[in-house]
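Quantities reported herein were computed from a predicted structural model and do not represent experimental measurements.
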Amino acid sequence: DALARLSMAKPDDKEVRHEARGAHAQLQRKWNDGGANVMELASYALVAIGSPSVPFLLSELGNEDEWVRVNVAWALGELGFAQATEASAAPLADYIVNDPSQAVVRTAVDAAGTYGSGAPEHVQGIIVEALATLVENVRDGAAREHQDSWLINPYAARRPELVQPALKSLPGKVNQHMVMTMVAQTFIKLAPAAARTERGLAALKYTLAYGAAQCGYASDMATEALLRTGSADALSHAVEFMRNAQFDGTLAPGRGRMF
């Protein structure tokens, strides 16, 4: 149907983009009407529309539906740094710091990597500060009043009758590991910006320490980010970690794993 065709559109497909602009109001209604599949297709279509979608996406940042917020964050990331301004980066940063859903936080962190990598320096700074706050919250256990929502399997919570018993018993911090791994991945894209401030570099170093102790994927990516900062201090820190780590091809806590 039309939504499916729009979702497959290439950015330079002028005919489809014209059709997409004409369908903008319809897509907004569809997005707010229901199921996740519809919302995902509408998100692809809104990205195909391009910059005219940004005001609508920003207007939906506070939507009470978690899945709508996930799609908003994803779409902003797909639109990329060409749409990145302080006015739009600040709400995305707010997702990273304050949203109660780990799924929204994780999607916003991922989106921020695309949103900030080629953006003006002050926009990158907004994203780095948000990432630093998130990392500090994890480090200090401060988290949030909604910490419990990070420590359960979201699929089991939503549809317990469809989840295999093994998935219901996943370790409590699995969602936090996923968030921290995404933080490390985004730091790769924003490495020079992270190194411009003491706070950003400290957050990146802690991400490596977290990964080394609890999640090998995060330590892999944090090491790569440190190597890309262009900072002598960061490079020294990464080399010291690699010198002392045991690379045995596992994800066991306390061991590094390099691809």
S.K.: Considering only heavy atoms from C-beta outward, does the side chain of Val138 approach that of Val183 to under 4.5 Å?
M.R.: no
S.K.: Would Leu201 and Leu226 count as a side chain to side chain contact (heavy atoms under 4.5 Å, CB included) if you check the C-alpha gap in whole Å, the side-chain angles of each, and the deciding distance to 0.1 Å?
M.R.: CA-CA 8 Å; Leu201 188 55; Leu226 285 164; 4.2 Å; yes
S.K.: Just wondering, do Thr197 and Glu129 contact through their side chains at under 4.5 Å, heavy atoms?
M.R.: yes
S.K.: Could Arg243 and Glu240 be called an ion pair, given the rule that one side-chain N must be under 4.0 Å from one carboxylate O?
M.R.: yes
S.K.: Would you say Tyr95 and Val72 make side-chain contact, with heavy atoms under 4.5 Å?
M.R.: yes
S.K.: Under a 3.5 Å threshold, yes or no: a donor from one side chain and an acceptor from the other, between Thr181 and Arg106?
M.R.: no
S.K.: Does the side chain of Met242 reach to within under 4.5 Å of the side chain of Leu227, using non-hydrogen atoms?
M.R.: yes
S.K.: Does the side chain of Lys189 reach to within under 4.5 Å of the side chain of Asp110, using non-hydrogen atoms?
M.R.: yes
S.K.: Do Arg69 and Pro100 have side-chain heavy atoms sitting under 4.5 Å apart?
M.R.: yes
S.K.: Are any non-hydrogen side-chain atoms of Val109 and Gln185 less than 4.5 angstrom apart?
M.R.: no
S.K.: Counting N and O atoms only, with roles assigned by atom type, does the side chain of Ser236 sit under 3.5 Å from a partner on the main chain of Asp233, one being a donor and the other an acceptor?
M.R.: no
S.K.: Do Ser219 and Leu208 have side chains that approach each other closer than 4.5 Å (heavy atoms only, starting at C-beta)?
M.R.: yes
